[in-house]
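One structure below.
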Amino acid sequence: MDIDAYRFLDVAFAEAERGLSEGGIPIGAALFDADGTLLGQGRNRRVQDDDPTLHAETAAFRAAGRRRDYRSTIMVTTLSPCWYCSGLVRQFGIGSVIVGEAVTFCGGHDWLADNGVSVTVLDDPRCVALMTRFIDESPDLWDEDIGVAPSSDRLP
């Protein structure tokens, strides 16, 4: 696979920034064909659309439309995919995943790699800074997104 991972990540990162500007969670994703053709892009819209299933990878996948085969596609996401989104990658046989960062959250990318998906983790400083700032400023919204009890409900 001869691709420019950072060019692909730029598309997903722009979606993450757009989501943050809308008051949402700054995670973006894009789905590309092996030749670099953008098939679909999206951002986490859980807050904006009041839809807990609308993660960035899901939005990009939906925007790409139907395909007979996803093995040659590349899912690019600004953050390590959660188990829900990792399941989407496995369910539809997406062949490659490029992860912007896995510093602030480590989802299922190791599981994907263990199951034959080509995974590249970039740990891009832009992605790390964006998520770090968001988590610091909106910890309860972040906890909701990753499915943990709000910090105010946790035991000491």
Side-chain angles (χ1 to χ4, degrees), residues 5-6 8-32 38-66 70 73-115 117-156:
Y6 286 96
F8 289 3
L9 182 60
D10 287 344
V11 175
F13 189 77
E15 285 290 328
E17 290 182 311
R18 188 171 170 199
L20 182 62
S21 74
E22 296 168 344
I25 297 157
I27 303 169
L31 188 66
F32 290 88
L38 176 63
L39 302 172
Q41 63 194 66
R43 61 198 169 283
N44 184 309
R45 294 191 50 86
R46 296 179 73 250
V47 174
Q48 300 92 313
D49 292 358
D50 196 29
D51 180 350
T53 69
L54 201 41
H55 290 211
E57 297 88 343
T58 305
F61 183 75
R62 288 176 180 171
R66 291 176 54 201
Y70 293 90
T73 63
I74 304 157
M75 178 65 77
V76 182
T77 179
T78 58
L79 185 66
S80 178
C82 70
W83 289 109
Y84 173 70
C85 295
S86 295
L88 180 145
V89 168
R90 289 278 292 139
Q91 174 70 32
F92 290 96
I94 293 171
S96 299
V97 175
I98 296 173
V99 177
E101 69 105 340
V103 174
T104 62
F105 178 78
C106 188
H109 69 267
D110 286 337
W111 174 74
L112 290 171
D114 289 346
N115 283 281
V117 177
S118 171
V119 176
T120 302
V121 179
L122 301 175
D123 281 336
D124 182 84
R126 298 172 302 165
C127 295
V128 174
L130 183 64
M131 283 309 300
T132 299
R133 187 177 84 235
F134 174 75
I135 293 167
D136 288 346
E137 293 173 359
S138 304
D140 287 343
L141 188 54
W142 173 242
D143 286 348
E144 175 190 330
D145 192 60
I146 60 172
V148 300
S151 54
S152 60
D153 291 347
R154 293 189 197 148
L155 296 175

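Because only heavy atoms are used, hydrogens play no part in the values below, and waters and symmetry mates are left out as well, while side chains stay in.
In this structure, F134 CZ and L141 CG are separated by 4.0 Å, a value rounded to the nearest 0.5 Å. Going from atom NE2 of H55 over to atom CG of N44 covers 6.0 Å, rounded to the nearest 0.5 Å. Note that CZ of F8 and CD of Q41 are 12.5 Å apart. Values are rounded to the nearest 0.5 Å. Note: I74 CD1 to I98 CD1 = 5.5 Å, rounded to the nearest 0.5 Å. Note that the CZ atom of F32 and the OG1 atom of T73 stand 11.5 Å from one another [nearest 0.5 Å]. Atom OG1 of T77 is separated from atom CG of L31 by 11.5 Å, given to the nearest 0.5 angstrom.
Of the possible polar contacts, one joining the S21 side chain to the R18 backbone as a donor-acceptor pair under 3.5 Å is found. Panel note: side chain D123, backbone A102; a donor-acceptor pair is recorded below 3.5 Å. The backbone N or O of F13 sits nowhere less than 3.5 Å from a side-chain atom of T78 that would complete a donor-acceptor pair.
The two residues G42 and A59 come nearest to each other via the heavy atoms CA-CB, 3.8 Å. Annotation for A113 and V119: closest pair N-CG2, 3.8 Å, computed over non-hydrogen atoms. Closest approach of G108 to S86, counting heavy atoms only: CA-OG, 3.4 Å. Taking every heavy atom of both residues into account, S80 and G107 meet most closely at OG-N, 2.7 Å.
The closest side-chain heavy-atom distance from L9 to C127 is below 4.5 Å. Between R62 and L54, some side-chain heavy-atom pair lies under the 4.5 Å cut-off. Contact annotation: the side chain of M131 approaches that of I27 to within less than 4.5 Å [non-hydrogen atoms, C-beta and beyond]. Looking at heavy atoms from C-beta onward, P81 lies out of side-chain contact with V89 at the 4.5 angstrom threshold. A 4.5 Å side-chain heavy-atom check between V117 and I94 finds every atom pair outside the cut-off. The shortest side-chain heavy-atom distance between T58 and L88 falls under the 4.5 Å cut-off. Using a 4.5 Å heavy-atom cutoff, the side chains of L79 and E101 are in contact.
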Handout entry: Intermediate values then yes/no, side-chain contact (heavy atoms from CB on, under 4.5 Å), V11 and L38
Key = CA-CA 9 Å; V11 175; L38 176 63; 4.2 Å; yes
Exercise for the section: Given side-chain contact (heavy atoms from CB on, under 4.5 Å), test L20 with R133 step by step and report yes or no. Expected result: CA-CA 11 Å; L20 182 62; R133 187 177 84 235; 3.1 Å; yes
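Relative orientation of the W142 and F105 rings is perpendicular, given thresholds of 30° and 60° on the angle between their planes. Using cut-offs of 30° and 60° for the angle between ring planes, the F92 and Y70 rings count as perpendicular.
Residue pairs satisfying the salt bridge (charged side-chain N to carboxylate O under 4.0 Å, His left out) criterion with at least one member in residues 48-60, sequence neighbours excluded, are listed as follows: R45-D49.
Checking Q48, E22, E17 one by one against R43, the side-chain hydrogen bond (donor to acceptor under 3.5 Å, both in side chains) holds for a single residue, E22.
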